[in-house]
Amino acid sequence: MNRRLVAAVVTMVILLTAGARAGDKIHEVDDGLYTTGDLTMVSTWDGSGRLLIRSASHLMGTLDIVAADTNVVLVSFRKQARTDSRSKAFDYIDLISVVLESTPQGMRLELRAPNPAPWNAQTEAGIVQATITVPIGSALEITASYFDLNARGPIRSLSIPASLGKLDISDITEILDVTTSNRKITLNDISGKISATTSNSQLTARDIAATDGQARFRNEGGDIRIDGLRGAVNARNSYGRITIMGFEPGGEGSLIRCASAPVTLDIVQMAEGQLVISNRHEDIDITIPDTLSAFFSLAVDEDGVIEASGFEFRTDLVRPNKMNLLSGGGDVDISGSIRGNGNIFIRGISGE
């Protein structure tokens, strides 16, 4: 959205402000779901400081965040209620408010509702569906527990300390720190300082550049899959696979810990550093360039097997459950260990 278009939108919003109540007309869009029309508010902001988004704990909905070439925050939203009574829907929607205001630290957007909620949380709901346009390079902090989030940058920084919603985030340039529970996280084109945590769901990421320390990923009870990772990583889960394809370890050392599910790594390049992988009761499977210069320290339990193939190496130590290998000059360190049942496979892949 360019600045000329934004200016036109701002003008339109000002002209329509006096008649904003027309957008409050409520109609039933689905069985038991009532909604207002589109409502809009706008405030000038150059992106300095940060935008704080806060929701009442008993509201739910979706936040769509879009970065654009603009010097305003533009919020387009609908207030909704799910209930079996049209009259209650009117009452509930009237009690929901959306407030956008400037602060000394930047901007604040609040989604408000009475506490305690007037609706029955077991059978009814107060809902806000909002699209928020922010300047390119903004920093955001969001506390909105029951909201799904879709964010499209370039956004400088995004922090979500705690959520129970689904997170779909792309194009973060400096800091990402997000936590949810039992919901899916999808990340794309993220760089800088990175931390993402969920549980019992899927955590998938693509095009990750850890340029400020280890990229941290946690998912207890669910899979972690990353396609394209440059830099150091600290990944941990249990009862879920860890798969990292197109992995270029670098910077400080990387640590991968898993239990009761396979670990699969596709290393395409590793010029420096250390990589430590540990697992329990499942396999570790690593592919490397057949020209990689590395020292491998590998260990399994009594019934485990260690296999290395597809690249030239020298044995430094061979024991029934432990093997040290040296390829090239041993410029980097790769350590793999398994407790319980499980095997380690190292496979060289030709770059030709």
Side-chain angles (χ1 to χ4, degrees), residues 1-3 5-14 16-17 20 23 35-57 59-80 93 96-103 105-113 126-178 180 185-190:
M1 184 181 291
N2 60 40
R3 294 179 184 271
L5 178 58
V6 169
V9 171
V10 172
T11 302
M12 184 180 299
V13 170
I14 293 172
L16 293 177
T17 299
T35 185
T36 66
D38 290 328
L39 303 169
T40 306
M41 58 180 56
V42 66
S43 181
T44 301
W45 184 45
D46 62 3
S48 61
R50 60 180 175 174
L51 170 61
L52 303 179
I53 301 175
R54 299 284 186 267
S55 168
S57 61
L59 283 174
M60 62 177 58
T62 301
L63 301 176
D64 292 315
I65 297 174
V66 181
D69 181 15
T70 178
N71 59 359
V72 301
V73 178
L74 178 63
V75 184
S76 176
F77 63 97
R78 291 187 173 194
K79 300 187 292 183
Q80 299 180 333
I93 287 174
I96 298 171
S97 62
V98 177
V99 178
L100 177 66
E101 57 189 0
S102 298
T103 71
Q105 294 76 35
M107 296 292 297
R108 179 167 57 234
L109 175 64
E110 292 193 356
L111 314 178
R112 299 174 178 173
I127 302 166
V128 176
Q129 307 287 3
T131 297
I132 306 160
T133 302
V134 300
I136 289 172
S138 300
L140 289 80
E141 181 179 327
I142 301 173
T143 302
S145 296
Y146 292 98
F147 282 74
D148 292 339
L149 173 73
N150 302 297
R152 301 289 177 264
I155 293 170
R156 184 175 80 253
S157 171
L158 176 59
S159 173
I160 304 175
S163 176
L164 297 170
K166 179 174 64 175
L167 308 179
D168 188 341
I169 301 164
S170 67
D171 202 358
I172 306 298
T173 60
E174 293 185 15
I175 300 173
L176 176 73
D177 188 355
V178 297
T180 189
I185 294 180
T186 303
L187 307 175
N188 186 56
D189 191 15
I190 311 295

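In what follows, every heavy atom counts, from backbone to side chain, and hydrogens, waters and symmetry copies are set aside.
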Margin query: E174 vs S157, test: side chain to side chain contact (heavy atoms under 4.5 Å, CB included). Steps then yes/no.
Written below: CA-CA 6 Å; E174 293 185 15; S157 171; 5.5 Å; no

Next item on the list: Evaluate the side chain to side chain contact (heavy atoms under 4.5 Å, CB included) criterion for residues L149 and V178: first the C-alpha distance (whole Å), next the side-chain angles of each, then the deciding distance (0.1 Å), finally the verdict.
Entry: CA-CA 11 Å; L149 173 73; V178 297; over 6 Å; no

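When all heavy atoms are compared, the tightest approach of I127 to I96 is N-CD1, 4.0 Å. Scanning all heavy atoms of the two residues, the minimum distance from A67 to G153 falls at CB-C, 3.7 Å. The two residues A139 and R156 have their closest heavy-atom pair at CB-NH2, 3.3 Å. Shortest non-hydrogen contact noted between A56 and A113 is CB-N, 3.9 Å. Shown here for V128 and V98, the closest heavy-atom pair between the two residues is CG1-CG2, 4.4 Å. Of all the heavy atoms in Y146 and L59, the pair that sits closest is CB-O, 3.5 Å.
Atom OG1 in T173 sits 9.0 Å away from atom CD1 in I175 (nearest 0.5 Å). Taking CG of L164 as the reference point, atom CE of M60 lies at 10.0 Å (rounded to 0.5 Å). Atom CZ of F77 sits about 9.5 Å away from atom CG of D38, to the nearest 0.5 Å. Note that the CG atom of L158 and the CD1 atom of I172 stand 5.0 Å from one another [nearest 0.5 Å]. A distance of 11.5 Å separates CG in L176 from CG in D171, rounded to the nearest 0.5 Å. Between the CZ atom of R108 and the OG atom of S102 there is a distance of 10.0 Å, given to the nearest 0.5 Å.
For the pair N150/T62, a side-chain contact is recorded, criterion being any heavy-atom separation below 4.5 Å from C-beta on. Between S43 and L100, the closest side-chain pair of non-hydrogen atoms falls below 4.5 Å. Annotation: side chain of I142 is in contact with side chain of I65 (closest heavy-atom distance under 4.5 Å). With contacts defined as side-chain heavy-atom distances shorter than 4.5 Å, the pair Q105/L52 does not qualify. Contact of the L111 side chain with the F147 side chain is registered, since non-hydrogen atoms from C-beta on lie closer than 4.5 Å.
Under the salt bridge (charged side-chain N to carboxylate O under 4.0 Å, His left out) criterion, E141 pairs with R50, R54, not counting sequence neighbours. By the salt bridge (charged side-chain N to carboxylate O under 4.0 Å, His left out) test, D168 pairs with R152, sequence neighbours left out.
Checked against I53 for a side-chain contact (heavy atoms from CB on, under 4.5 Å), the options L140, T143, I160, V75 give a single hit: L140.
Of the possible donor and acceptor atoms, none in the side chain of S170 sits under 3.5 Å from a partner among the backbone N and O of N188.
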